[in-house]
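Here the structure is laid out as structure tokens; the discussion comes afterwards.
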2 protein chains.
Amino acid sequence: MPRKKPPLAALMATPDEIEAQFYEALQSADLDRLIGLWVNDELVRCIHPGGQLLVGISAIKASFETLFARGPVAVQAAEVRRLQTEQLVIHQVHERVLVPGPEGTQVAWALATNAYLKTAEGWRMVLHHASPGQPIESPEMHTGNASVLH
Amino acid sequence: MPRKKPPLAALMATPDEIEAQFYEALQSADLDRLIGLWVNDELVRCIHPGGQLLVGISAIKASFETLFARGPVAVQAAEVRRLQTEQLVIHQVHERVLVPGPEGTQVAWALATNAYLKTAEGWRMVLHHASPGQPIESPEMHTGNASVLH
């Protein structure tokens, strides 16, 4: 079934805005919103921390469905570094994740490489490679509503 | 000091060939050759498995110098997946590493995202993000001389 035509806001979104929506979708465990940010194709790839290489939108959707079965992900993106070309953009992102546990909530860090491809539907996610990271000092955290986007 | 003009072979090298040279340089602990494959700029980034985000060619060179102080890295790249645009190419690579230890040599796996940028000097490495991986079954290993490149 073909996708519905995306709204104008989605067509005009920058890679920064797609990225902000990605982290918002994680924070709200919104699977449909999260998957709608990706290129709907078998070329997309995702690596969760310590996980295998997932290829294709179906495998990636299934992995986030499993993740969201445990609830929303309390993740914030910090210190995004950008490499931009006309068709493809690569970001490095420090991810700060609050992980609930028997001894209370703990802070975990991850490092992600996110890539965005310019498609007929606008910029879409094409890669998310996350791996265990280390704390960064004095991070300038930003959420999906941060000033960097406006 | 400006770099010497690169040889024609380096100007004509494809991203696959630059990647093959990267793994050959790891295998031979050849720091100058390895660093010469990167964009000579502060925009480049490298994440070693479990390590911090390194930004800029100086920090990356120092990290590989430390790595090579322990000797060559017995690494092979397997099952490369490619995403190509005119200016920027992203590869996902399964890395198989032989790690010597007190109980003999062990096999470790990593997953890498390697990116290559088209520059005036030809394709050059701009990102290496490696993280702990898992064994893959029946890998079709390739080295720098594998048939996939010819």
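A, B, ... follow the sequence lines: proteins, then strands. Residue 1 opens every chain.
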Quiz item: Should we say atom CZ of A:Arg33 is surrounded by more than 12 heavy atoms from elsewhere, each under 6.0 Å from it?
Solution: yes
Which atoms of [X] come close to chain A, meaning under 4.5 Å heavy atom to heavy atom: side chain ones, backbone ones, both, or neither?
X        : answer
B:Ala112 : backbone
B:Ile47  : side chain
B:Leu43  : side chain
B:Gln52  : both

Gap between atom [atom2] of [Y] and atom [atom1] of [X] - 0.5 Å precision:
X        : Y        : atom1 : atom2 : result
A:Gln134 : B:Leu53  : CD    : CG    : 11.0 Å
A:Arg45  : B:Ile90  : CZ    : CD1   : 7.5 Å
B:Cys46  : A:Gln92  : SG    : CD    : 10.0 Å
B:His128 : A:Thr113 : NE2   : OG1   : 10.5 Å
A:Leu88  : B:Gln87  : CG    : CD    : 9.0 Å

Quiz item: At their closest point, which heavy atom of B:His129 faces which heavy atom of A:Leu111, and how far apart are they?
Solution: CE1-O, 3.6 Å
Quiz item: Under a 4.5 Å side-chain heavy-atom rule over Ile, Leu, Val, Met, Phe, Trp and Tyr, are B:Ile35 and B:Leu67 clustered together?
Solution: yes
Self-check item: Single-linkage hydrophobic cluster A:Val44~A:Val55, side-chain heavy atoms < 4.5 angstrom
Solution: no
Quiz item: In terms of heavy-atom pairs under 4.5 Å with chain A, which of B:Leu117, B:Val126, B:Leu127, B:Val89 leads?
Solution: B:Leu127
Practice problem: May I ask you to name which of B:Gly133, B:Pro132, B:Ser131 has the most heavy-atom pairs under 4.5 Å with chain A? | Solution: B:Ser131
